[in-house]
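Have a look at the structure below before the remarks.
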Amino acid sequence: MPGSLYIVATPIGNLNDLSSRVKATFEKVDLILAEDTRVTIKLLNHLGVKKRMISCHEFNEKSRLGIITEFGQLNQSVALVSDAGTPLISDPGNDIVHQAINCSMNIVPIPGPNAGLLALIASGLPCDRFVFEGFLPSKTNLLKARLAQLESEERTIILYEAPHRLLKTLKALSEVFGDRDICLARELTKIHEEFVRGKVSKIISELSNAKLLGEYVIVIGGNNEDRSSLSPNKSEVENAIKEMLEDGATIKTIVQTITEKYKVKRSEIYQLALAHKKPINLSKTHKFT
Ligand code: SAM
């Protein structure tokens, strides 16, 4: 009989969220694979549990797969934990779970907090259909490109973001999505838990001079605009975009003006405006002989 892999969710700030099932699981397993053993030892000390631990993080996860095979064959059990919250959700563990399944181990998820879901249910935004995108790319061009892909998403979107990148991400969001309803969930389950709800433009101006500290989740309302696709009047729209670019308008202004005038999708206008912004001047870059 192969062993078991317990995927154990742990608190994201409030130790009172530890369930008795988490404690019982730590007590019964033969080994704990922890993202950072220095973090998990504090949890074990709090629970009064002593257990063998080995680190398993994004840089060594692959080298831990042999342990799973070995423990599975010996019919032993392993608990997988990350520093906080639910393992595998913007955290390591995917390869471990995959290996345990390949070894026919029992997979047992032990429920607990997840920042994204807590933010979603308190956001006031629709929870019936949603999409989790985790951390978006940090490079500005990649960030905006990913946002442009998400712009027409009708479901509520959940993002994770570091405090020092929060404003930059909100500004990119406002540029690509327009003035959407969002909710910022800060320091969930902790003493300074806070929710800021409203239009993204209002939240940007509120936060512009604030010191941004702590952990944040961004929840964004889906696109419910009934806008048509560009194809019927593409050349007319393209000409209007080119004219505005020549007049020195910003991408944000162009997207706002053109989507309102032609009632077409923002993501299409955004992509077109970017494409026309810096056309490659072949005569300058290549010499044809
Ligand atoms: N696995 C975790 C989970 O289940 O939520 C997420 C881990 S991810 C590396 C860390 C990110 O989650 C943070 O940058 C922040 O965006 C979000 N997060 C974690 N704890 C949070 C909290 N207490 N309040 C708000 N956001 C939190």
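Ligands are counted one by one from 1 in listed order, and the atoms in each one are counted from 1 as well. Side chains are part of it too, since the values below use all heavy atoms of this structure and drop only hydrogens, waters and symmetry mates.
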### Message
For Ala119, which part has a heavy atom under 4.0 Å from ligand 1: side chain, backbone, both, or neither?
### Response
neither
### Distance in Å, Ser77 OG paired with Leu5 CG, rounded so as to fall on 0.5 Å steps
9.5 Å
### Residue part near ligand 1, for Phe135, under 4.0 Å between non-hydrogen atoms
side chain
### Task
Applying salt bridge (Lys or Arg N to Asp or Glu O under 4.0 Å), run through Arg52 and Asp30 and close with a yes or a no.
CA-CA 7 Å; Arg52 186 179 162 211; Asp30 299 292; over 6 Å; no
### Task
Could you tell me the residue and atom name of the protein heavy atom closest to atom 18 (N) of ligand 1, and the distance to it rounded to 0.1 Å?
Ala115 CB, 3.5 Å
### Task
Look at Lys242 together with Glu238 and state whether they make a salt bridge at an N to O cut-off of under 4.0 Å.
no
### Query
If we only count heavy atoms from C-beta on, is the Leu31 to Met53 side-chain gap below 4.5 Å?
no
### Query
Among protein heavy atoms, which sits nearest to atom 20 (N) of ligand 1, and what does the distance come to when rounded to 0.1 Å?
Glu215 OE1, 3.3 Å
### Carboxylate-amine/guanidinium contact Glu194 Arg186, below 4.0 Å
yes
### Query
At a 4.0 Å cut-off, with the gap strictly under it, does some heavy atom of Thr189 reach an atom of ligand 1?
no
### Query
Can you tell which part of Lys190 has a heavy atom less than 4.0 Å from ligand 1: side chain, backbone, both or neither?
side chain
### Query
What's the shortest heavy-atom distance between Lys62 and Asp95, and which atoms?
NZ-OD2, 2.6 Å
### Query
Got an N/O contact under 3.5 Å between Arg186 and ligand 1?
no
### Query
How far is atom 26 (N) of ligand 1 from its nearest protein heavy atom, and which residue and atom is that?
Val217 CG2, 3.4 Å
### Message
Between Lys190 and Glu215 (salt bridge meaning N to carboxylate O under 4.0 Å), is one present in this structure?
### Response
yes
### Message
How far is atom 15 (C) of ligand 1 from the closest protein heavy atom, and which atom is that?
### Response
Tyr216 O, 3.4 Å
## Note on the structure
atom 8 (S) of ligand 1 sits nearest the protein heavy atom Ser90 O, 3.7 Å
### Summary
atom 22 (C) of ligand 1 has as its nearest protein heavy atom Leu188 N, 3.5 Å
### Query
Stepwise, does the salt bridge (Lys or Arg N to Asp or Glu O under 4.0 Å) test hold for Glu133 with Arg146?
CA-CA 10 Å; Glu133 282 285 324; Arg146 180 72 66 80; 3.6 Å; yes
### Query
Is any side-chain N of the basic residue among Asp181 and Arg197 closer than 4.0 Å to the acidic one's carboxylate O?
no
### Message
I'd like to check Phe71 versus Leu33 (side-chain heavy atoms, cut-off strictly below 4.5 Å). Are they in contact?
### Response
no
### Message
Taking distance alone, with N or O pairs closer than 3.5 Å, would you say Ile12 contacts ligand 1?
### Response
yes
### Query
For ligand 1, which atoms sit closer than 4.0 Å to a heavy atom of Asp91?
1 (N), 2 (C), 7 (C), 9 (C)
### Numbering as shown, the atoms of ligand 1 that approach Glu187 to under 4.0 Å (heavy-atom distance)
23 (N), 24 (N), 25 (C)
### Query
With a 4.0 Å cut-off on heavy atoms, is Ala84 touching ligand 1?
yes
#### Entry: Salt-bridge criterion met for Arg266 and Glu260 (N-O under 4.0 Å)
no
#### Entry: Structural part of Asn114 in contact with ligand 1, heavy atom criterion under 4.0 angstrom
both
### Sub-3.5 Å N/O-N/O distance, Gly85 and ligand 1
no
### Query
Based purely on interatomic distance, does Thr86 place a nitrogen or oxygen under 3.5 Å from a nitrogen or oxygen of ligand 1?
yes
